[in-house]
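One structure is given below, represented as structure tokens, and several questions about it will come after.
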Amino acid sequence: MKLFKKFLKIVFTLFGALLITILLLLGIDKHRTSYLKLKNNEFTKNDTYLIKKVNIIPMNIDTILVDKMVFVKKGIIQKIADSIDIKGVEIIEAKDKYLTPGLIDMHVHIWDRYELGLYLSNGITAVRNLWGMPMHLRLKEDVNNDEIISPMFFTTGPKLTGPEFIGDDNLQLTNPNEAKEKVRSYKHRGYDFIKTYYGLTEDIFNAVVEQAIISDIDIIAHPSQKVPYSYHFNPQIKSIEHAEEIIQQPLNYNLLDTLKLRQVINEFKNSKHNSFTPTLTVYNNIYQMLIDDKILESEKLQFMNPLIKKVDSKAQFERWYNTKLRDSSIVKTIKRQHDFHLKIVKQLHETGTRIICGTDAGIGVTIPGFSIHQELKFYKEAGLSNYEVLKTATVNASKTHSIMSNLGTIEVGKLANLMLLDNNPLLDLSALQHPSIVFIKGRKLNRGSLDNFEKQARNRKNLIASAVRYLENLIFEK
Ligand SMILES: [Zn+2]
């Protein structure tokens with residue numbers, strides 16, 4: 001008995017020590033990102049301004065409002081006019097500059113708080129996180145309570161998949177009742193959206209949709225190959241992800257099956273409820289890995305979360321490297337498919353499908369923040385005008401979900417999530433790359449602060465803290 005007591009004591013002590021270490025590690029990681037805390041950002045205290053002599057690209061109409069004044073009060077756009085007479089507020093002189101809505105990346109995977117600064121520094125004032133974990137609920141709370149300066153943060157719950165095991169990062173559902181229970185609980189716990197994933201079987205898929213309608217929560221679908229593609233045009237599904245899934249599923253990798261493609265395009269045309277997120281960058285990055293054997297050591301990879309870099313980026317690179325060794329024609333095949341994605345985007349755009357910009361940043365070698373400029377470039381290459389390209393990352397995103405409707409345009413009553421640019425992005429999209437000021441809920445971040453966010457995120461050392469948060473997800477979310 002005495003021995004057993006002693007044994008228990010040792011177990012409890014070890015367990016306690018482990019728990020304290022874990023909490024300490026998480027605390028230190030959070031503390032290291034305290035440069036994002038509102039109270040540590042001198043410039044962000046004010047959220048009331050008069051912006052003078054600015055050229056506005058409002059994005060609700062295809063025009064530029066030249067030489068205007070914009071009054072932002074407590075983070076909301078109050079007035080836009082030729083002249084506004086208000087005393088006692090901070091003035092921002094913006095002669096010859098361009099004011100646009102902040103960008104929105106509709107498909108990201110967030111692993112730590114450093115990434116929030118990277119999104120901001122690239123002009124991104126809202127993100128939709130598509131692989132929700134408990135850490136994201138805590139993050140969302142801090143963002144919504146104005147504890148930290150961050151893009152507006154929206155997140156799905158864990159990825160829902162069917163009974164078949166396809167990786168420990170998914171929530172495996174075994175029956176329709178369990179599916180309904182999960183949807184209810186995600187809504188209750190504060191996740192913004194449901195994410196349906198690869199592998200959902202018909203009865204479970206239907207149960208998820210049915211409950212999402214009852215619980216009034218939007219669905220974002222990574223298409224499941226276990227149900228026909230047409231199932232994803234359900235009005236409760238607000239966006240369908242990935243151009244490559246059109247090729248994998250309805251086309252069954254046959255790029256010559258124009259009849260099938262036409263059918264899918266028509267389904268998008270007839271459906272008025274679904275936006276489409278192409279995520280061209282993440283797929284093209286396979287090609288980039290294949291043509292650049294040194295990509296893991298590249299400058300940009302320094303901005304990747306260290307856990308992802310060590311595990312996912314490396315595994316993806318090795319997988320494609322080995323495939324190339326076995327069969328060098330893979331390089332051409334991947335490039336051909338990427339080019340085909342551009343054709344899909346062009347055709348969907350021409351038939352009136354609402355395209356929303358999503359990068360899939362945060363996994364593989366797709367870098368948070370910076371990748372959005374590449375994604376927008378691809379839409380341009382596909383044949384969209386600069387105005388149409390900019391719509392994908394602003395107003396189109398805000399039309400996709402009702403909870404985003406106060407974003408995406410410069411209009412009275414909208415949230416002052418804005419970018420001040422030196423050049424006109426409707427002439428050249430590269431003007432979006434280094435905003436001189438980013439406003440988030442009317443709070444001003446100048447280039448100095450934004451550059452500092454990048455500096456802080458470079459080669460960060462939070463591998464173990466990231467692993468602990470991932471482990472937390474595996475243990476408590478199952
Ligand atoms: Zn993704």
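In each ligand, atom 1 is the first atom listed, and ligand 1 is the first ligand listed. Just so it is clear, the model here is predicted, and its values are computed rather than measured. Counting from 1, the numbers follow the sequence of the chain as shown.
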Exercise for the section: State whether His107 contributes an N/O/S atom found under 2.8 Å from the Zn ion (ligand 1). Expected result: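 Checking His107: at least one N, O or S atom is under 2.8 Å.
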message: Please determine whether a side-chain nitrogen of the Lys or Arg among Glu375 and Lys380 lies less than 4.0 Å from a carboxylate oxygen of the Asp or Glu.
response: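 Judged by the 4.0 Å cut-off on N to carboxylate O distance, Glu375 and Lys380 do not form a salt bridge.
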Glu147/Arg138 ion pair, N-O < 4.0 Å =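 Between Arg138 and Glu147 there is no salt bridge, as every charged N stays at least 4.0 Å from the carboxylate O atoms.
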Could you confirm whether His242 has any N/O/S atom lying under 2.8 Å from the Zn ion (ligand 1)?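 Of the N, O and S atoms in His242, none lies under 2.8 Å from the Zn ion (ligand 1), which means no.
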query = For the rings on Phe303 and Tyr114, is their centre-to-centre separation under 6.0 Å?
reply =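 No: the rings miss the under 6.0 Å criterion.
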Is Lys391 salt-bridged to Asp62, cutoff N-O under 4.0 Å?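 Asp62 and Lys391: not salt-bridged.
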Practice task
Would you name the N/O/S atom of Asp360 that lies closest to the Zn ion (ligand 1)?
Solution key: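 For Asp360, the N/O/S atom sitting closest to the Zn ion (ligand 1) is OD1.
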